[in-house]
Amino acid sequence: MSLLITGGTGYIGSHTVVELQTLVSEQTPSQDIIIVDDLSNSSTVVLDRVKQITNKTVTFIKADVCDYNAINAIFDQYDIDAVIHFAGHKAVGESNEKPLSYYHNNVSGTVTLLQVMAEHNVKKLVFSSSATVYGDNVSPLNESMPTSATNPYGQTKLMVEHILFDLAKSDSEWSIACLRYFNPIGAHSSGLIGENPNGIPNNLLPYVAQVAVGRLAQLQVFGDDYDTVDGTGVRDYIHVVDLAQGHVKALQNLDKISGCKAINLGTGNGTSVLEIVNTFKEISGQDIPYKIAPRRAGDLATVYANADLANELLGWQATRNLYTMIEDTWRWQSENPQGF
Ligand code: UFG
């Protein structure tokens, strides 16, 4: 039996592959892992690094999930039993500039994958959704709140969620976990894999890390007049290894999920931008120059999870604290200043 991981050379995908190869093989007969990735936002160096960490190899196929023939050929060749679907575009700002590219990749790509899965009678799926689907609900955010989106990226996540709910309703054999991520940060404790954004980072942690390592001059803090502990935005940062372990738990518990279930993966704690900057400064021993800039369009003051459902359904909760998240981010960034 094989497990297909789309987007498996990306940030969250690669950490999940490592956890699958360590945790799963300790507990159950190991499943072969097949990674499919188009390498549009990742590199094959990741595969060497994953092998260095786990001492195991994976099968890698360079393909785009939108390519029906390529995906179909993979399902013809391998005895795939379940899929973890990470592949997709993820930058909010870029999605406003290139909406068609986002709808094509994230929505059409997923529909293509689902068609091939259905045709091969593979009906177990773990999907990368996002807390962005909560729109402007007031935190703590729980899975029964109404959903909405304010940008094309968020719309694609929401559309795919609707597609998955409809699919599960149409055929009770599907078991789907829609994992709604909060803010993944951190890196593997080996320092061998971590987040490696193309160009100037959009997200806070890679930006701060690149300032600390001297690649960028100064952080802009988007707004200091929110109604929060110090006026800066508050988010639920979660260690990427905790998040990866959440995927392993979801996969192991898919049999218990009938239909499609949305599940938050967060810590339930909020941290402000300045708390992040100060902790990063302390851990790295580097200066992190910043200036206060206007609020970023579309940002909310406070976003954090109610993380109870993941605990109830999957027996999962995040265990790594902010200190570990930042320590691991810094180890990765300082040992790989230019990324992979
Ligand atoms: N921030 C700055 N300066 C920066 C970057 C970010 O001050 O250079 C602030 C933001 O204003 C926000 C916080 O840092 O208060 C976190 O911002 P990120 O861009 O790191 O993350 P977001 O919470 O905006 O977005 C993330 C993901 C999205 C996802 C969303 C779900 O990037 O993909 O969480 O809630 F949709």
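Both ligands and their constituent atoms are indexed starting at 1 by order of listing.
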For ligand 1, is there an N or O atom under 3.5 Å from any N or O atom of [X]?
X	result
Asn203	yes
Val234	no
Asp299	yes
Gln220	yes

What residue and atom, counting heavy atoms only, is the protein's closest point to [atom], and at what distance?
atom	answer
atom 7 (O) of ligand 1	Phe222 N, 2.9 Å
atom 20 (O) of ligand 1	Leu204 N, 2.8 Å
atom 17 (O) of ligand 1	Arg296 NH2, 3.3 Å
atom 31 (C) of ligand 1	Thr132 N, 3.4 Å
atom 23 (O) of ligand 1	Arg235 NE, 2.7 Å
atom 15 (O) of ligand 1	Gly233 CA, 3.6 Å
atom 22 (P) of ligand 1	Asn183 ND2, 3.6 Å

Less than 3.5 Å apart, which donor and acceptor atoms pair up between the side chains of residues 100-108 and the rest of the protein, not counting sequence neighbours?
from	atom 1	to	atom 2	distance (Å)
Ser101	OG	His89	NE2	3.4
Tyr102	OH	Ala91	N	3.0
Tyr102	OH	Ala91	O	3.2
Tyr102	OH	Glu94	OE1	2.4
Asn105	ND2	His89	NE2	3.0
Asn105	ND2	Ser101	O	3.3
Asn106	OD1	His89	N	2.8
Asn106	ND2	His89	O	3.0
Asn106	ND2	Thr156	OG1	3.1

Within a distance under 4.0 Å of any heavy atom of [X], pick out the atoms of ligand 1 and give their elements.
X	result
Tyr237	13 (C), 16 (C)
Asn202	5 (C), 19 (O)
Val221	7 (O)

Worksheet entry | Centroid-centroid distance, Phe340 to Trp332, less than 6.0 Å |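 Close enough - the centres of the two rings lie under 6.0 Å apart.
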Worksheet item: How about His247 and Tyr181: are their ring centroids closer than 6.0 Å?
Response: yes
Fill in: Heavy-atom proximity to atom 29 (C) of ligand 1, best of Pro184, Gly298, Ser130
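It is Ser130 whose heavy atom sits nearest to atom 29 (C) of ligand 1.
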Worksheet, complete the sentence: Candidates Val273, Thr302, Ile292; heavy atom nearest atom 14 (O) of ligand 1 found on Val273
Student check: side-chain heavy atoms of [X] and [Y] closer than 4.5 Å:
X	Y	value
Ser175	Asp255	no
Arg49	Asn336	yes
Asp299	Arg235	yes

Discussion item. Please list all pairs meeting salt bridge (Lys or Arg N to Asp or Glu O under 4.0 Å) that have one or both residues in residues 130-158, counting only residues at least two apart or in different chains.
Written reply: none
Discussion item. One residue to check: Tyr153. Relative to ligand 1, which of side chain, backbone, both or neither has a non-hydrogen atom less than 4.0 Å away?
Written reply: side chain
Worksheet item: What part of Leu219, side chain, backbone, both or neither, has a heavy atom within less than 4.0 angstrom of ligand 1?
Response: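 Leu219 to ligand 1: side-chain contact only, backbone stays beyond 4.0 Å.
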Would you find more than 12 non-hydrogen atoms of other residues, nucleotides or ligands less than 6.0 Å from [X] atom [atom1]?
X	atom1	result
Asp166	CG	yes
Tyr290	OH	no
Lys123	NZ	yes

Worksheet item: Contact between Tyr134 and ligand 1, counting heavy atoms under 4.0 Å?
Response: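 False for this residue.
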Discussion item. Let me confirm one number: the OH-CD1 distance from Tyr323 to Ile283, rounded to the nearest 0.5 Å.
Written reply: 4.5 Å
Worksheet item: Per the side chain to side chain contact (heavy atoms under 4.5 Å, CB included) rule, which among Leu204, Ile288, Val211, Leu219 passes with Phe280?
Response: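 Of all the options given, the one that passes is Ile288.
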